[in-house]
**Student:** 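Dropping the structure in here first, questions after.
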Amino acid sequence: MSIALEIISTEKLLLSRDVDMVVIPGTEGDIGVLPGHAKLITGLRGGLVDIYESGKISARYFVSAGFAEVTESRCAVLADAIVLQEELDEATAQAALAEAKAAYDAVDIHDTDAYREASDKLISAQAMVDSVTPHQA
């Protein structure tokens, strides 16, 4: 059995195929999605979407933020920015982290919306830096 996976950026459909399993970076933690999963809509934090085929990870995409919709037979990942992990480079990730840290340090903590946005961007930038280094299996 498989689950239909769609990965969609703000610009286009990047991937649409059946996979064995997908692990998405939900706002409350990673979520493994298999065929028959309960219906779910969740926010995404910055992190890796791991696609499993034939018992192993076949591809990884970094997402900055977004949403995922899960049904029993489908998982749709909708994100602001999506990049294949192998296309990330350390210099870009470190620059994004430095920019996010500067914005976070400059935000007025009493402006809750600005603080939350700066915090989310910092978390996403740190996840991008972490994604540049392959995970040990």
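Just so you know, these numbers use all the heavy atoms, side chains as well, and skip hydrogens, waters and symmetry mates.
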**Student:** Indicate, with yes or no, if Ile57 and Val23 share a hydrophobic cluster defined by side-chain heavy-atom contacts under 4.5 Å among Ile, Leu, Val, Met, Phe, Trp and Tyr.
**Tutor:** yes

**Student:** Please report the closest heavy-atom contact between Ala100 and Ala125, naming both atoms and the distance.
**Tutor:** CB-CB, 3.8 Å

**Student:** Determine whether Leu48 and Leu5 fall in the same hydrophobic cluster, where Ile, Leu, Val, Met, Phe, Trp and Tyr are linked whenever their side-chain heavy atoms lie under 4.5 Å apart.
**Tutor:** no

**Student:** Would you say Glu99 has more than 12 foreign heavy atoms packed within less than 6.0 Å of its CD?
**Tutor:** no

**Student:** Let me see the working for Leu88 and Met128 under side chain to side chain contact (heavy atoms under 4.5 Å, CB included), right down to the final yes or no.
**Tutor:** CA-CA 8 Å; Leu88 291 176; Met128 182 186 290; 4.1 Å; yes

**Student:** Between Ile31 and Val70, is there a side-chain heavy-atom distance shorter than 4.5 Å?
**Tutor:** no

**Student:** When rounded to the nearest 0.5 angstrom, what is the spacing between CE in Met1 and CG in Asp18?
**Tutor:** 10.5 Å

**Student:** Which heavy atom of Ala59 sits nearest a heavy atom of Arg17, and at what distance?
**Tutor:** CB-NH2, 4.4 Å

**Student:** If Ile, Leu, Val, Met, Phe, Trp and Tyr residues are connected whenever their side-chain heavy atoms lie under 4.5 Å apart, and connections chain through other members, are Val132 and Val83 in the same group?
**Tutor:** yes

**Student:** For the side chain to side chain contact (heavy atoms under 4.5 Å, CB included) test, which of Val63, Val22, Ile51, Ile24 pairs with Ile7?
**Tutor:** Ile51

**Student:** Which heavy atom of Gln85 sits nearest to which heavy atom of Ser131, and what is that distance?
**Tutor:** NE2-O, 2.7 Å

**Student:** Taking side chain as C-beta onward, heavy atoms only, is Leu97 less than 4.5 Å from Gln126?
**Tutor:** yes

**Student:** Measure across Ser124 and Gly46 and return the closest heavy-atom pair with its distance rounded to 0.1 Å.
**Tutor:** OG-CA, 3.8 Å

**Student:** Only one of Asp120, Asp30, Asp130 forms a salt bridge (Lys or Arg N to Asp or Glu O under 4.0 Å) with Arg45, so which one is it?
**Tutor:** Asp30

**Student:** What distance do Arg60 atom CZ and Glu86 atom CD have between them, rounded to the nearest 0.5 Å?
**Tutor:** 11.5 Å

**Student:** Does a side-chain heavy-atom distance below 4.5 Å link Glu6 with Leu13?
**Tutor:** yes

**Student:** If we only count heavy atoms from C-beta on, is the Leu40 to Val33 side-chain gap below 4.5 Å?
**Tutor:** no

**Student:** Applying salt bridge (charged side-chain N to carboxylate O under 4.0 Å, His left out), name anything that partners Glu117, two or more places apart in sequence or on another chain.
**Tutor:** Lys121

**Student:** Mind checking whether Tyr61 and Val77 have side chains closer than 4.5 Å, heavy atoms only?
**Tutor:** no

**Student:** Would you say Leu122 ends up clustered with Val107 if hydrophobic residues are merged whenever their side chains have heavy atoms under 4.5 Å apart, either directly or through other cluster members?
**Tutor:** yes

**Student:** Please tell me whether Val129 and Ile123 are part of a single hydrophobic cluster in this structure, the criterion being side-chain heavy atoms less than 4.5 Å apart.
**Tutor:** no

**Student:** With distance as the sole test, does Asp20 use its side chain to make a donor-acceptor pair with the main-chain N or O of Ser54 at under 3.5 Å?
**Tutor:** yes

**Student:** Does Ser9 use its side chain to pair, donor to acceptor, with the backbone of Ile82 at less than 3.5 Å?
**Tutor:** no

**Student:** If we only count heavy atoms from C-beta on, is the Phe62 to Pro25 side-chain gap below 4.5 Å?
**Tutor:** no

**Student:** Indicate yes or no: at least one non-hydrogen side-chain atom of Ile3 is less than 4.5 angstrom from one of Val19.
**Tutor:** yes

